[in-house]
Structures are given as C-alpha cells and as structure tokens.
Amino acid sequence: MLAKRFFFLFLLTISYSFLPSIAYSQQQEIDSLKYELKKYDAHKKELGTKFTPLMDSTRVNIMYKILRLYNAYKDDSALYYAEQCKALSEQIGFKQGLGKAYYGFGCIYGDLNNHDMELESFRKALKIRLEIGDKAAIGWTYNALGLMYHKQGNYIEEAINHTNAAKYISESGDMSSACQSYRKLSGAYAYLGDYPEALKCCFNALKCAEESGDKDAIEGAYRSIAGTYDQEGNRSEALKNYIAASKVRDKYDNQYELANSYSNFGNIYIMQGDTIDAIMKYNQALKIFEDTHDGYGIIQINSIIGGIKYNQQDYAEALKHYLVSLQISKDIVDNFNITNLSNQVAEGYVKSGNYTKALSYANSGLSLAKETGFKGAMRDSYRILSDIYAKQNDFKTAYHYKVLYEQIKDTLQNAETASKLKEMGMKYE
C-alpha cells in the first residue's frame, strides 16, 4: 500500500533540480546582478538631486532576484538580501517590493522548517499583494501556502489555497502556471480520497496547458490524469493517458524531457504488467537524472523501482533503491519525502526480518512526522511500529501503537468528510 501511494505521489508532483551548492552558471548570474547594483548606485550618484526615492524600486527588484538565487542554493546570504529588500521597500513606500520581501522570507523560513515564520511571512505577502491587486503574485502566494500545508500533511488547507491559486493565476492569463496549480490541487483532492474532484482538476490542468501550448504542461497534465485514474483503480484509462503523455512531443529538446519520456513508457509497461521493460525504461530515466544531478528525479525513479522490487518480494533490492532516495531527500532537506521514505525503508526491513533496523527507521519517520504535522506519515508509522512489536511478541506495545493508528486513521477520515463539506461551501459561494 505504501509503495503504490508513494509512486502516485510522484505522478502528481513537478520535478525540481537537485541543487546542493551554487553552480558556476548561477554564481555568474549572481555576480552579474551584483554588478547591476553597482552600476545602479553609480547612476544614482550621477543623478544627484534629480534622483527620486521611488527610483530605488529598481534596486529592490535586483536584490529580490539575488535573494531568490541564493535561497535556491540554501545559501545564508538569502536572508541578508531579504532584510535589505524589506528595509528599502519600507523606506520608499514600495508595496510591491515589500510583498516580494515577505514572499522571500516565507521561502527561506520554509527551507529552514520554521513553519510559524513561514506562515506569517506568506500571509503578510498575501495581504500586501491583495491590496495591490497583482493577480499573478497573489496566485503564487496561495500556491506557496498550499505547498506549505502539503508538507505538513494538511490537505484540506492545501486544497483551499491551491483553489485560490488556480483562480487568480488563470485570471492573470498565465495558463501554463495555472496548469501547475490545478495539478497541485488535484494531488490534494487525491490524498483526501476525492478522486472525481481530483480528475476534474486534472482536466482543468489539461485545458490550461493546451491553451498555453506548453508541451511540458500538456505532458504533465496527462501524467496527472493517468496517475489519478491509476489510484482510482481504472487501469485502462490510466494506460490511455500515459500513452497520450508519451505522444505529446515529436522530439525532445533537452534531457529532462527525454527522462520524463522514458518514465512515461515505464508507467505504460507497468500498466501492461511488463515489469522487465518498465524497469529498463526507468533505468534509462534514472541515468539522465543522475547525469544532470536532478535530485527529485533520482528520488522519484529509485522509489518507483524500489516499489516494483518490493512487490516482487526482492526486499534487498527494494531497500537499496529506497535508501538512495532517502539519503538524497535528507541532503535536500525534503521532510515530506524523508518521512515517507523512512516508512518505506522500515517496511523493507520488516519484510527482511531485521526488526532492529525497521524500528529505528519507523521511529525516525514518526519523530519527523510529528515535528512537521504530517498525519498521513504518522498513521503509517504507527501501523508499522505495531507490526514490528507484534512480530517481536511485545503485544502490549503493539496494542499501544495499534490504538494510536486507529485514532489517527479516524481523525484523518473525519478530516476528509470535513474537507468535502468545506469544498461544497466553497463551490456554493
């Protein structure tokens, strides 16, 4: 069950690059922006009395670009530029810049797992952007809030925020980005078990993607549709849409597109029950992701291959792939994947009969799940821990975790019901 859910997760997510340190090209970009700051300051000095404070909005925008680049590479300098961006925006009364600064703070605190400050920063950014009426910026802020709630396992709030994101970004005319919002919204509904609503969002994503003409978006939308049908149990429709995704392009302009193509064909072979050819295609995708240092791609493919090996009862091979994914998730501090993969590894060790290691990984996953508020992972950890202690004949502890598992399972089911009622209210409004 864990293997299938984790496989489905990656069909709904959009891959981001693995960035352990600032690459040469990005450092050049940062240096170029810093040079722009120097040129701007020299020009400001030349203007003398003709200079007006609002002209400093240019400086704010440059600093914002620098902070985002630094933050992408987890560099502490991001916080310095966010502070500078905020201070100057306040000084000159530049609301758009202040919104950018708070959005930057939200991204930084999110990466630091300071969720209180992350939430506060994004809310401040949203308030300012709503006042300004910048629909694209409003949409991206709602998207950021949705992703924050997703990391915490709060799919109800995730759905609400991605709904708002899709609305505002669509109204801004950026249909390619609207497609991404609908795909994220689809994932939230799928996690809540509302597959009909998830499919509606997938088809909305496809419509937006086709309007934009963005082949990446179109392919991604078909993959989301296929993944949702697969999770729903409709394998024929899943297969049809995987095939549609594989036919989007006549040629591949970059390695990332080619890797996704191999992954698509792997999914098709899986649907057809051909695991040998599926693994061959997944390995072709994996090699590209490894060559291009795409961390999320490496996590994705290793997790899928691990799931296949797990289902084939080749637990040693499954663990090998799961552990690679887990290590990279730790390297990029992706707590959502760390908690899921810790449970995957624990399951593998349970099946292998190594209860000591299984216990260690299950407890590690549970600890992080509690810290991040990821209730779905907490539920899985409790179930695995109950199983481990039962196999060790410690029935008292097994019963303890079984009770916790049942309690949180009921809580999640109640949350799903509340979500549907809340969504009905949103539709009525």
Side-chain angles (χ1 to χ4, degrees), residues 1-13 115 146 148-160 162 185-198 227-228 230-233 303 307 310-311 322 326 335-351 355 358-424:
M1 183 171 66
L2 273 174
K4 183 174 181 180
R5 182 168 62 252
F6 202 73
F7 169 70
F8 173 64
L9 163 67
F10 282 112
L11 299 178
L12 295 175
T13 53
H115 299 306
M148 181 195 74
Y149 285 119
H150 176 81
K151 287 189 294 183
Q152 296 173 6
N154 187 341
Y155 306 121
I156 299 169
E157 288 297 330
E158 180 190 4
I160 292 168
H162 285 321
L185 180 57
S186 169
Y189 277 120
Y191 274 104
L192 291 167
D194 190 343
Y195 299 115
E197 199 63 36
T228 306
D230 184 28
Q231 186 75 351
E232 194 180 30
S303 299
Y310 180 92
N311 291 332
Y322 286 152
L326 178 58
N335 288 330
F336 182 75
N337 283 335
I338 293 170
T339 50
N340 275 304
L341 282 159
S342 295
N343 285 330
Q344 295 280 92
V345 171
E347 290 259 80
Y349 278 123
V350 169
K351 293 294 186 181
Y355 302 132
L359 198 60
S360 172
Y361 281 99
N363 278 318
S364 176
L366 177 60
S367 176
L368 187 56
K370 286 180 175 179
E371 182 184 326
T372 57
F374 182 14
K375 291 183 179 178
M378 288 167 62
R379 174 198 58 204
D380 294 334
S381 297
Y382 287 141
R383 178 181 55 76
I384 295 165
L385 285 165
S386 178
D387 187 31
I388 294 168
Y389 282 111
K391 289 181 183 300
Q392 293 180 316
N393 297 320
D394 184 350
F395 299 111
K396 181 179 178 181
T397 308
Y399 177 73
H400 167 73
Y401 282 112
K402 180 69 172 176
V403 170
L404 292 174
Y405 165 72
E406 293 293 343
Q407 286 175 345
I408 198 164
K409 186 177 75 170
D410 290 342
T411 300
L412 287 169
Q413 286 173 343
N414 290 337
E416 289 169 14
T417 302
S419 169
K420 289 174 183 176
L421 290 171
K422 203 166 194 176
E423 290 302 316
M424 286 173 65

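Note that the structure is predicted; figures quoted are calculated from it, not measured.
Here the side chain of S342 pairs a donor or acceptor atom with the backbone of I338 at under 3.5 angstrom. For the pair N343 (side chain) and A377 (backbone), a donor-acceptor distance under 3.5 Å is present. Remark: the backbone N or O of G307 is paired with a side-chain donor or acceptor of N311 at under 3.5 angstrom. Side-chain atoms of S364 do not come within 3.5 Å of backbone N or O of S360 as any donor-acceptor pair. Under a 3.5 Å cut-off, the side chain of S386 and the backbone N or O of A398 do form a donor-acceptor pair.
Counting only heavy atoms from C-beta outward, the side chains of V403 and Q407 approach each other to under 4.5 Å. Contact annotation: the side chain of H115 never approaches that of E371 to less than 4.5 Å [non-hydrogen atoms, C-beta and beyond].
When every heavy atom of A190 is checked against every heavy atom of A198, the shortest pair comes out as N-CB, 3.9 Å. Of all heavy-atom pairs spanning E158 and Y149, the tightest one is N-CB, 3.8 Å. In terms of heavy atoms, Y355 sits closest to K391 at OH-CD, 3.4 Å. In plain terms, the two heavy atoms of A369 and T339 that are nearest each other are N-CG2, 3.6 Å. Residues Y195 and Q231 come closest through the heavy atom pair OH-CG, 3.1 Å.
Considering CD of Q344 and OH of Y322, their distance stands at 4.0 Å, rounded to 0.5 Å. Taking OG from S381 and CD1 from I408, the interatomic distance works out to 9.0 Å, rounded to the nearest 0.5 Å. With values rounded to the nearest 0.5 angstrom, I388 atom CD1 is found 11.5 Å from D394 atom CG. Here N335 contributes atom CG and L368 contributes atom CG; the two are 4.5 Å apart, rounded to the nearest 0.5 Å. To the nearest 0.5 Å, the span separating OG on S303 from CG on N340 amounts to 9.0 Å. Note that CG of L404 and OH of Y399 are 10.5 Å apart. Values are rounded to the nearest 0.5 Å.
Under the salt bridge (charged side-chain N to carboxylate O under 4.0 Å, His left out) criterion, E406 pairs with K402, K409, sequence neighbours left out.
Below 30°, between 30° and 60°, or above 60°: for Y361 and Y349 the angle between ring planes is below 30°, a parallel geometry. The aromatic rings of Y401 and Y389 sit parallel, their planes meeting at an angle under 30°, below the 60° perpendicular limit.
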